[in-house]
Each structure stands twice: as C-alpha cells, then as structure tokens.
Amino acid sequence: MGAVRVLLVEDDDAVAASLDAPLAAAGFTIDRAENGEIALQRVKGGSYDIILLDLGLPDMDGYDVCRVIRSESTTPIIVVTARSDEFDRVLGLELGADDYMVKPLGSRELIARIRAVLRRSAVTSAESGSSDHLIIGPLNIDLRTYRVQLNDEPLALTPKEFELLAYLAADAGAVRTRTDIIEHVWDANWFGPTKTVDAHVAGLRKKLGDHGWIESVRGVGFRLAAPGDRTP
Ligand code: CA
C-alpha cells in the first residue's frame, strides 16, 4: 500500500500542527482544509483514503459537510468533536461517518483508529469486488453494466478497452502476458499482430490519465495497479 492520504478538516491551527508530525511519522500524507467549503473542494479535486472531519467549523455545520461528502464519495470519514456531550453519535453515523473521536486527539489513538477504519473499508471493498465490481483504489469497474468510474467520474471506454481493463484488474498486480491477453480479450484463434494489444493499452492509459496504472513488463506483458500502490 502507498502512503495513506489523509484530508484533515480542522480550523484550529494548533490542533492541526500537533497532528502533522505523528501522522507523517506513521506514513500518512496530510492535506489540510481550514473550513467546510475548502474541505468540499478538496474532496472533489483529490483522492483521499480517509477524512478526519472536525464538526465545529467556522463556515458550515460539520454534519452538513459530512452529509455532502458522503453523497459524493465513499471515502471513510472519522468525525471529531470538541466535547462528547455536544456530539450526536447516532446522527454522525447516520450521515455516513465511519467512526468518531472526542478531542483532545491523542495521536496514537488517532493513528490506531485510522488504521482500523481503513482495514474495515478494505474488507468492504473486497466483498463488493467479489460480486459485480472490481475496485482498485479510485478505479471502480462494474462488470454487470460495463461501466467504469475513476475518482467517481465515468470513463468512456470501447468494449475492447473495457474487456482489457477488466482482465488486467481481475488480478491486479499480477503480470498478464500478451498471449494471455489475446486469448482472453480477443479470442484463442486470433492471429493478428500483438501490436493491437499495445495500441489498446496505450488507449487505456490515455483515458486513465496516468501512465502509472498499467505497467509494461519488458518481454512479458502488462500489469495493472493503482499508481503509487505498486510493490516492486
Ligand atoms: Ca473546530
């Protein structure tokens, strides 16, 4: 797994500063949003593994921020509140928060909670992946409807591009040889040039917008993994 990307939604500079070093030491990268509006922009523009959401924000009700994020994204959310008696746990969880914490935030407990939430969400993704969806980081392939989303945005693929992507994604991280790809995506009796595979890979890379998704393994074939999520 690459660095865990955390969006820290927190208006209090001192609280944010106190979390920087311990979260970085735990291998997390942190983007900060100082208010609700910036938080929603960041969520739209970036892909985060987890969101820490302070409920007491200067411009918006934290519960509303939580509701809007959840309507657009499945990124796990841990809500943070200043006082336990102010916090409506049921409402927080109903709005789609995955966990909650009360300030002051101990960095050790926070890191443990983040890891626990990420583990749970990985299990959920794997379970949904076993049915109709292949989910690799921000990439979501629906095998039933032939739809693909990247960062919650639809990707328009040709049928062959879709089949190639689905074939690579079915065993993400594994190398698929050109011969395997031709047999599965075209058909076993296909005698055309293997250049066709390269052309489709090039098309897919362009649409995925990041060449890191599909790695060429010299002399062997290709493998797919989320950029930055590759084990050498
Ligand atoms: Ca606050």
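Only this structure's heavy atoms are used, side chains among them; waters, hydrogens and symmetry mates stay out. Remember, it's 1-based here, ligands and their atoms both numbered in the order they're listed.
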Is the Ca ion (ligand 1) less than 3.0 Å from at least one N/O/S atom of E10? no
I'd like to know if the Ca ion (ligand 1) has an N/O/S atom from D12 within less than 3.0 Å of it, counting both backbone and side-chain atoms. no
Are E10 and R32 close enough, and set up right, to give a salt bridge (Lys or Arg N to Asp or Glu O under 4.0 Å), and what steps lead you there? CA-CA 7 Å; E10 173 59 76; R32 182 177 165 209; over 6 Å; no
Metal-centred angle, OD2 of D54 through the Ca ion (ligand 1) to O of G56, rounded to 10 degrees: 90°
If you apply the rule salt bridge (Lys or Arg N to Asp or Glu O under 4.0 Å), what do you find for R223 with D171, and how did you get there? CA-CA 9 Å; R223 69 173 158 185; D171 195 355; over 6 Å; no
I'd like to know if the Ca ion (ligand 1) has an N/O/S atom from P58 within less than 3.0 Å of it, counting both backbone and side-chain atoms. no
Among the N/O/S atoms of D11, which is closest to the Ca ion (ligand 1)? Give the atom name. OD1
Hey, is CD on E37 packed in by over 12 heavy atoms from elsewhere, all under 6.0 Å? no
Starting from the C-alpha separation in whole Å, work towards a yes-or-no answer on salt bridge (Lys or Arg N to Asp or Glu O under 4.0 Å) for D31 and R5. CA-CA 8 Å; D31 273 358; R5 297 194 59 197; 3.5 Å; yes
About how many Å separate CG of L53 and OH of Y100, when rounded to the nearest 0.5 Å? 15.5 Å
